[in-house]
Amino acid sequence: KAGVTQTPRYLIKTRGQQVTLSCSPISGHRSVSWYQQTPGQGLQFLFEYFSETQRNKGNFPGRFSGRQFSNSRSEMNVSTLELGDSALYLCASSLAGLSNEQYFGPGTRLTVT
Amino acid sequence: DQQVKQNSPSLSVQEGRISILNCDYTNSMFDYFLWYKKYPAEGPTFLISISSIKDKNEDGRFTVFLNKSAKHLSLHIVPSQPGDSAVYFCAASFPFSGNTGKLIFGQGTTLQVKP
């Protein structure tokens, strides 16, 4: 069974721009969670989607948003990029309700200049 | 407010010996705990988990112990192998209702296993 895939793997953007990251979960997994990893803050939960609905949200500004499609694929968007948004963005999928265990993709490394 | 803490940033052990990674938490509402391993340029890989109703779970070379009264869990790796060298994250979750899909992570411990 294929794992979680994320595209692109690396991205360089300029302050003020916006960016969209994509995540394809493991087949059959309906829950997708997004995390931001930085050296200072560690792994921080952004939000979780299930059946195209955002069910849970972390403490991030409204510039961070996401969505989920009917095939469970998910995208997250960051608008008006700031230097502090430079991070590794990780997506994780799970069966949602059958297990707390989440399976992570390789991440997208975003650099904001 | 760091609810999950891994107080040792790094640990070095000899191949074949036991590695013990520790994790403390502050919120007694957590009901499920997980350990992940992370190599550079890869996402975290799930290793082992434990429910708060248990005090021990084993999977091959990996054993997790949970001490609820001390709000402490540990991961034992026996025997340690050089391929185990990675960053290990402890994570916790709340009961599903109202907190779906959210794991709270510790800061990680870098394990180095020397041949």
Side-chain angles (χ1 to χ4, degrees), chain A residues 3-7 9-10 21 23-26 29-51 53-60 66 68 72 74 87-109, chain B residues 1-10 23 25 27 29-54 57 59 62 64 66 73 86-110:
Chain A
V4 178
T5 58
Q6 291 186 245
T7 56
R9 292 292 310 275
Y10 302 92
L21 313 180
C23 170
S24 292
I26 291 171
H29 285 193
R30 296 171 64 193
S31 169
V32 173
S33 296
W34 287 89
Y35 294 84
Q36 180 196 65
Q37 185 182 24
T38 59
Q41 297 297 317
L43 274 150
Q44 303 274 307
F45 172 77
L46 280 156
F47 30 64
E48 184 247 3
Y49 285 86
F50 177 82
S51 290
T53 301
Q54 185 184 89
R55 288 197 304 186
N56 199 2
K57 190 177 189 306
N59 294 326
F60 279 82
Q68 186 181 36
S72 294
S74 177
L88 180 67
Y89 289 89
L90 291 157
C91 156
S93 75
S94 71
L95 288 167
L98 301 182
S99 170
N100 282 291
E101 292 149 15
Q102 295 181 8
Y103 297 87
F104 284 82
T108 295
R109 171 71 63 185
Chain B
D1 177 24
Q2 192 73 22
Q3 298 188 73
V4 178
K5 302 176 187 178
Q6 293 176 256
N7 292 317
S8 298
S10 63
C23 178
Y25 61 95
N27 197 323
M29 295 299 292
F30 288 138
D31 73 338
Y32 205 80
F33 302 89
L34 309 91
W35 283 94
Y36 285 85
K37 175 172 75 172
K38 188 179 186 299
Y39 295 117
E42 294 183 14
T45 301
F46 170 73
L47 277 176
I48 191 169
S49 60
I50 187 167
S51 164
S52 60
I53 63 173
K54 296 186 176 181
N57 189 27
D59 184 0
F62 302 92
V64 56
L66 175 62
L73 65 155
V87 179
Y88 287 77
F89 290 95
C90 163
S93 71
F94 294 101
F96 248 29
S97 58
N99 271 290
T100 54
K102 178 179 181 178
L103 295 179
I104 297 176
F105 284 85
Q107 293 293 93
T109 297
T110 300

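Keep in mind it's a predicted model, so treat the numbers as computed, not measured. In what follows, chains carry the letters A, B, and so on, assigned in the order in which the sequence lines appear, proteins first and then strands, with residues in each chain numbered from 1.
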| query | Counting heavy atoms not belonging to B:Lys54, are there more than 12 under 6.0 Å from its NZ? | reply | no
| said: Return the CG to OH distance between B:Leu103 and A:Tyr35, rounded to the nearest 0.5 Å. | reply: 3.5 Å
| task | Could you tell me whether A:Phe104 and B:Tyr36 have their ring centroids closer than 6.0 angstrom? | result | yes
| chain B contacts, top residue of A:Gly107, A:Pro106, A:Gly42 (heavy-atom pairs, under 4.5 Å) | A:Pro106
| In terms of heavy-atom proximity below 4.5 Å to chain B, should A:Leu43 be classed as side chain, backbone, both, or neither? | both
| message | So, using side chain to side chain contact (heavy atoms under 4.5 Å, CB included) as the criterion, who are the partners of B:Tyr39 when residues are at least two apart? | response | B:Lys37, B:Glu42, B:Ala86
| field | Interatomic spacing from CD in A:Gln102 to NZ in B:Lys102 - rounded to 0.5 Å | value | 12.0 Å
| said: Main chain of B:Gly101, side chain of A:Ser33: is a donor-acceptor contact present, judged purely on distance under 3.5 Å? | reply: yes
| task | Any chance you could measure A:Glu101, atom CD, to B:Leu47, atom CG, to the nearest 0.5 Å? | result | 11.0 Å
| said: To check you understand the geometry: which heavy-atom pair defines the closest contact between A:Leu90 and B:Gly43, and what is its length? | reply: CD2-CA, 3.9 Å
| note | So, the part of A:Leu88 with a heavy atom under 4.5 Å from chain B: the answer is side chain
| request: Side chain from CB out, backbone as N, CA, C, O: work out which of these in A:Arg109 comes under 4.5 Å of a heavy atom of chain B, or both, or neither. | output: neither
| message | Once rounded to the nearest 0.5 Å, what's the spacing between atom NZ of B:Lys38 and atom CD of A:Gln37? | response | 5.0 Å
| request: List in chain and number order the residues that pass ring pair (Phe, Tyr, Trp, His ring centres under 6.0 Å) with B:Phe33, two or more places apart in sequence or in another chain; answer none if no residue qualifies. | output: B:Tyr25
| note | Comparing B:Ala41, B:Gly106, B:Pro44 against chain A, the one with the most heavy-atom pairs below 4.5 Å turns out to be B:Pro44
